[in-house]
Amino acid sequence: MKFGKGLAASVSILLICMLTACGGSDTSGRVQIEFFQNKPEAKGSFDALIQKFNESQSDITVVQVNPPDAETVLKTRVVKDDIPDIVGMGATDTYSLLAQSGIFMDMTGSPLLSRVDETYVQMLKDVSGMEEVIGIPYSTNANGVMYNKEIFSKLGLSVPRTWDELLATAQKAKDGGTIPFYFTYKDDWQTVLPFNALASNLAGIEFYLDRREGKVTFADRYREIAEKQLELMEYGHGDNFGKNYADGNRAFARGESAMYIQGTWAISEIRKANPEAPIGFFPLPTGDDPESNKLISGVDTLLAVAEESKHKEEAMRFIEFLLEPENSKQYISEQTLFSTVQGVTQDDPAVAELLPYLERGQVVDFADHYIPAAVQLNSIIQSFLQNRDIDAYLKKLDTEWDKVADRR
C-alpha cells in the first residue's frame, strides 16, 4: 500500500481545512461541516446538491472534500484523529474496519433508516459483521453484462438467462465475426467483475461469514467459480490483458463487442464516447436455474457521521436533505445509480432490465466487499487468469486470507 501520495494529499487537505475553518465556523458565523467522499465522478453532482442545501440554510455551510486516492487519505486522517464530520464511501472492507473501530456514529435508532430499503441496511450489517447500523445507505450500483442491442438484433441473439445460454450466446457472436466480451484486464480491478457475480451467486455471501470463523475454505468451495472464470476467457479478444477500463468503454461505445461485463458506473463514460450507444444490461447468469440468479448490487455510497464531530445535529440535517426523494432522484439520475430511498426509481432505459431484480429484492452484494483489502484480490485474480492454475489460485486465496486474519 502506498502512503506517500496519500500523506501528501492529507497534509494538503489539513492546510485547506485550517484556512477555511474546516469543521468549525466560517466568517459569517455559520457552522461549517466537512463532507468527505471518495468518488471523483460524483463531485459535480454533490457540489450541486451542496449548493442547494447551503442556500436553504441560515446556520450551516457544507464543504465537500474529494481528494485523489481518497481511501488512503481517509485512513491517514483517521490515524491522525482528524475525522471528517460526514464520510461518503462504499460498503467495502475499508468501511468494515472503520465501522468496527468505533469512529462513526451508531445509526441503529435513527428514524432516517425507515426511509431506505432494508436490503441495503442489512448489507451494512453483513459487511461490518455488526448488529449495529453504522451509517445510512444512500445509493447503490449494479454489476452485470452490458450488451449492444443493435448487434444482438443483427445476429438474432436473445438475452441469456442461464450459464449455458450465456456461453452459447458468446459463441454465436464469435461465429458472427463479433468479439463476444471486451475484457479490459490490464486494470486488475476489472478482473474482479465476473468473480463477483460467480462468487456471490454460487457460493453466497454466507461463505464469507463462515470463512471469518474458519469453517470453510476457498479450496473447498470455489473450484466451480474458478472453472467458470476461465471459461469466459475463451470469448474475449486478442489482447485481454493489454486493454484497460477506458479502452473498453471506448470500444464498447464504438460497437466493437456484443457484450461487456461491467458495472452501471460505466454507462456515463460510454456515453461520453457515443451518446447514442444502444446499451442493454442483464445480470450475469451463473447457473442452470434462471429464477435463482441474483443481480449483483451493493452500497455504492453510504453516509456516516464521525462519533467525535462537534456538529452531529447539523451533519444529520444534511444527510436528511440528501435523502429527500427529489434530491436522491437528482443524484442517481446524474450518476446512473440506484436509490436506497423507497419510492425513488431509476428511469434510464439502459438499466430497465435490471429493475425487476431490484424491485423483487433479488439481489446479492459484491463478494469482494467481504474480502480484506490486504488479500490483494485483484492481483491474485489477474495472475490466475494468466497462468490458469486453479489449485494454486485457490490455495493463494486461502493463504492470503489466513495471513490477514492472523494480523487482525
Side-chain angles (χ1 to χ4, degrees), residues 35-49 64 66 70-71 74 86-96 98-99 104 107 112-113 115-128 133-144 146 189-190 192-193 196-197 200 205 245 249 261-270 281 283-284 294-304 319 322-323 325 327-342 344-348 350-351 354-355 357-358 361 363-371 373:
F35 173 47
F36 181 107
Q37 67 90 14
N38 68 339
K39 289 170 60 69
E41 67 273 22
K43 184 179 185 301
S45 294
F46 278 124
D47 276 342
L49 288 168
Q64 179 179 186
N66 176 233
E71 285 200 3
L74 181 59
I86 305 172
V87 172
M89 66 185 303
T92 62
D93 179 65
T94 298
Y95 158 74
S96 175
L98 295 177
F104 295 140
M107 302 281 200
L112 296 183
L113 288 175
R115 301 187 184 187
V116 304
D117 190 325
E118 173 60 30
T119 299
Y120 297 101
V121 175
Q122 185 61 47
M123 280 186 184
L124 296 191
K125 294 181 180 180
D126 290 341
V127 169
S128 68
V133 182
I134 309 300
I136 305 287
Y138 181 57
S139 64
T140 72
N141 52 28
N143 171 10
M146 288 190 195
W189 68 274
Q190 288 281 289
V192 181
L193 299 178
N196 277 327
S200 293
I205 296 304
Y245 173 60
N249 292 338
I261 300 175
Q262 196 51 262
T264 50
W265 53 80
I267 293 174
S268 60
E269 296 302 310
I270 291 168
F281 220 130
L284 194 155
K294 295 181 179 180
L295 173 67
I296 304 305
S297 177
V299 177
D300 188 68
T301 293
L302 62 90
L303 303 167
I319 292 177
L322 291 178
L323 289 172
N327 299 324
S328 175
K329 181 78 169 183
Q330 177 178 325
Y331 180 74
I332 66 165
S333 296
E334 292 177 2
Q335 295 296 310
T336 324
L337 296 168
F338 305 97
S339 177
T340 64
V341 178
Q342 296 179 31
V344 178
T345 58
Q346 173 56 263
D347 301 325
D348 193 310
V351 298
L354 303 182
L355 297 182
Y357 291 84
L358 293 166
V363 299
V364 63
D365 201 357
F366 289 73
D368 65 335
H369 287 182
Y370 295 79
I371 298 178

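Of the possible donor and acceptor atoms, one in the side chain of Lys329 sits under 3.5 Å from a partner among the backbone N and O of Thr345. Counting only distance, with no hydrogens or angles, the side chain of Asn196 and the backbone of Ala367 share a donor-acceptor pair below 3.5 Å.
A distance of 11.5 Å separates OH of Tyr138 from CG of Asp300, quoted to the nearest 0.5 Å. The CG atom of Leu337 lies 7.0 Å from the OG1 atom of Thr140; values are rounded to the nearest 0.5 Å. Note that OG of Ser333 and CG of Asp348 are 8.5 Å apart. Values are rounded to the nearest 0.5 Å. Here the straight-line distance linking atom OH of Tyr95 with atom CG of Leu124 works out to 4.5 Å at 0.5 Å rounding. For the atom pair Leu193 CG and Ile261 CD1, the distance stands at 8.0 Å (nearest 0.5 Å). Interatomic distance, CG of Asp365 versus CD of Gln122, reported as 11.0 Å (0.5 Å rounding).
Closest of all the heavy-atom pairs between Gln262 and Ala266 is CG-CB, 3.4 Å. Among all heavy-atom pairs drawn from Ile332 and Ser339, the shortest one is CG2-N, 3.7 Å. The two residues Leu284 and Ala197 have their closest heavy-atom pair at CB-CB, 3.9 Å. Heavy-atom minimum distance, Ala48 versus Gln330: CB-NE2, 3.9 Å. Shortest non-hydrogen contact noted between Val344 and Ser328 is CG1-OG, 3.9 Å. Closest heavy-atom contact between Ser139 and Thr340: N-CG2, 3.9 Å.
Two residues are said to be in side-chain contact when any heavy atoms from C-beta on lie closer than 4.5 Å; Leu303 and Thr301 meet this criterion. Residues Tyr331 and Leu322 fail the side-chain proximity criterion, which asks for heavy atoms closer than 4.5 Å. Side-chain contact check for Ile296 versus Pro283: every heavy-atom pair is 4.5 Å or farther apart. Under the 4.5 Å side-chain criterion, counting only non-hydrogen atoms from C-beta, Val351 is in contact with Ile267. Between Glu118 and Leu113, the closest side-chain pair of non-hydrogen atoms is not below 4.5 Å. Between Leu355 and Phe338, the closest side-chain pair of non-hydrogen atoms falls below 4.5 Å. Looking only at side-chain heavy atoms (C-beta outward), Leu98 and Leu74 come within less than 4.5 Å of each other. Contact check for Val363 versus Tyr120: side-chain heavy atoms found under the 4.5 Å cut-off.
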Kindly indicate, with the supporting measurements, whether the criterion side-chain contact (heavy atoms from CB on, under 4.5 Å) is fulfilled by Asp93 and Ile371. CA-CA 7 Å; Asp93 179 65; Ile371 298 178; over 6 Å; no
Derivation and outcome, side-chain contact (heavy atoms from CB on, under 4.5 Å), residues Asp117 and Leu358: CA-CA 10 Å; Asp117 190 325; Leu358 293 166; over 6 Å; no
Apply side-chain contact (heavy atoms from CB on, under 4.5 Å) to the pair Val116 and Val121, showing each step before the final yes or no. CA-CA 8 Å; Val116 304; Val121 175; 3.6 Å; yes
Evaluate Thr264 against Phe281 for side-chain contact (heavy atoms from CB on, under 4.5 Å), listing each step before the verdict. CA-CA 9 Å; Thr264 50; Phe281 220 130; 3.8 Å; yes
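Evaluation of the salt bridge (Lys or Arg N to Asp or Glu O under 4.0 Å) rule for Glu71 yields no partner, not counting sequence neighbours. A search for salt bridge (Lys or Arg N to Asp or Glu O under 4.0 Å) contacts involving Asp126 returns nothing, not counting sequence neighbours. Residues satisfying the salt bridge (Lys or Arg N to Asp or Glu O under 4.0 Å) test with Glu334, not counting sequence neighbours, are none.
Between the side chains of Tyr370 and Ser96, no donor-acceptor pair is found at a separation under 3.5 Å. Using modelled atom types and a 3.5 Å distance limit, the side chains of Gln37 and Gln64 yield a donor-acceptor pair.
Below 30°, between 30° and 60°, or above 60°: for Phe46 and Phe35 the angle between ring planes is above 60°, a perpendicular geometry.
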